[in-house]
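Reading through the structure tokens given below for one structure.
Keep in mind that what you see is a predicted model, and the values were worked out from it rather than measured. Values below: every heavy atom of this structure, side chains too, minus hydrogens, waters and symmetry copies.
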Amino acid sequence: EFLKNNSFDPCVIFDENSHSRKYKVPKSFGFNVSISEAEFEDLDTQIGDVVRFLKKECRELKRLEEFADIETVSVDFAISKPGEEIAVWTRSFPPELLVLLGSLGIKLEFTIWPNSDQC
């Protein structure tokens with residue numbers, strides 16, 4: 001219902017129609033919106049794209065948070081895993097991003113993917 005009245009262009013929608021023989025019908029409904037086309041290695045560009053998206057879509061994101069039966073809203077950064085020779089690896093997120101996410105009640109997530117050289 002939410003997607004009928006906004007500018008979001010979901011790349012994935014999870015609902016009772018999004019199943020096949022391999023997968024069960026989801027217990028919850030949802031959608032994914034691609035915010036950045038930056039490579040997994042380019043976290044700085046991803047962060048910039050997300051900050052711009054959050055500022056532009058602030059009103060719609062607040063409306064989404066208030067929409068009936070919303071359990072969670074999150075931003076998930078896709079990050080490539082460094083080579084095996086790296087013992088300790090850190091990534092940081094700027095305060096501007098964290099403040100925006102917090103003010104909108106949005107969780108910060110990141111998914112670490114193998115580097116294409118490691119596959």
How long is the straight-line distance from [atom2] of [Y] back to [atom1] of [X], given to the nearest 0.5 Å?
X   : Y   : atom1 : atom2 : answer
S36 : F77 : OG    : CZ    : 8.5 Å
I47 : D42 : CD1   : CG    : 9.5 Å
C58 : F53 : SG    : CZ    : 11.0 Å
T45 : E39 : OG1   : CD    : 10.0 Å

How far apart are the closest heavy atoms of S34 and C11, and which atoms are they?
N-SG, 3.9 Å
If you take all heavy atoms of Q46 and A78, which pair is closest and at what distance?
NE2-O, 2.8 Å
For E96, give me all partners under salt bridge (charged side-chain N to carboxylate O under 4.0 Å, His left out), at least two apart in sequence or on another chain.
K55
I'd like to check the salt bridge (charged side-chain N to carboxylate O under 4.0 Å, His left out) partners of E60; sequence neighbours left out, ordered by chain and number.
R63
Across all chains, not counting sequence neighbours, the side-chain contact (heavy atoms from CB on, under 4.5 Å) partners of R52 are D49
Who pairs with T111 by side-chain contact (heavy atoms from CB on, under 4.5 Å), at least two apart in sequence or on another chain?
D76, W113
Report, one line per pair, each donor and acceptor closer than 3.5 Å where one atom sits in a side chain of residues 102-110; sequence neighbours left out.
residue: S103; atom: OG; partner: V99; partner atom: O; Å: 3.3
residue: S103; atom: OG; partner: L100; partner atom: O; Å: 2.9

List the steps and the verdict of side chain to side chain contact (heavy atoms under 4.5 Å, CB included) for I79 and F40.
CA-CA 5 Å; I79 303 171; F40 290 3; 5.8 Å; no
What residues, two or more places apart in sequence or in another chain, satisfy side-chain hydrogen bond (donor to acceptor under 3.5 Å, both in side chains) together with E57?
S7
Beyond-backbone contact of D9 with V33, side-chain heavy atoms, under 4.5 angstrom:
no
Considering residues at least two apart in sequence or located in another chain, which fulfil the ring-ring contact (aromatic ring centres under 6.0 Å, His included) criterion with F31?
none
Side chain to side chain contact (heavy atoms under 4.5 Å, CB included) with L64: of N6, V73, L3, only one passes, and it is V73
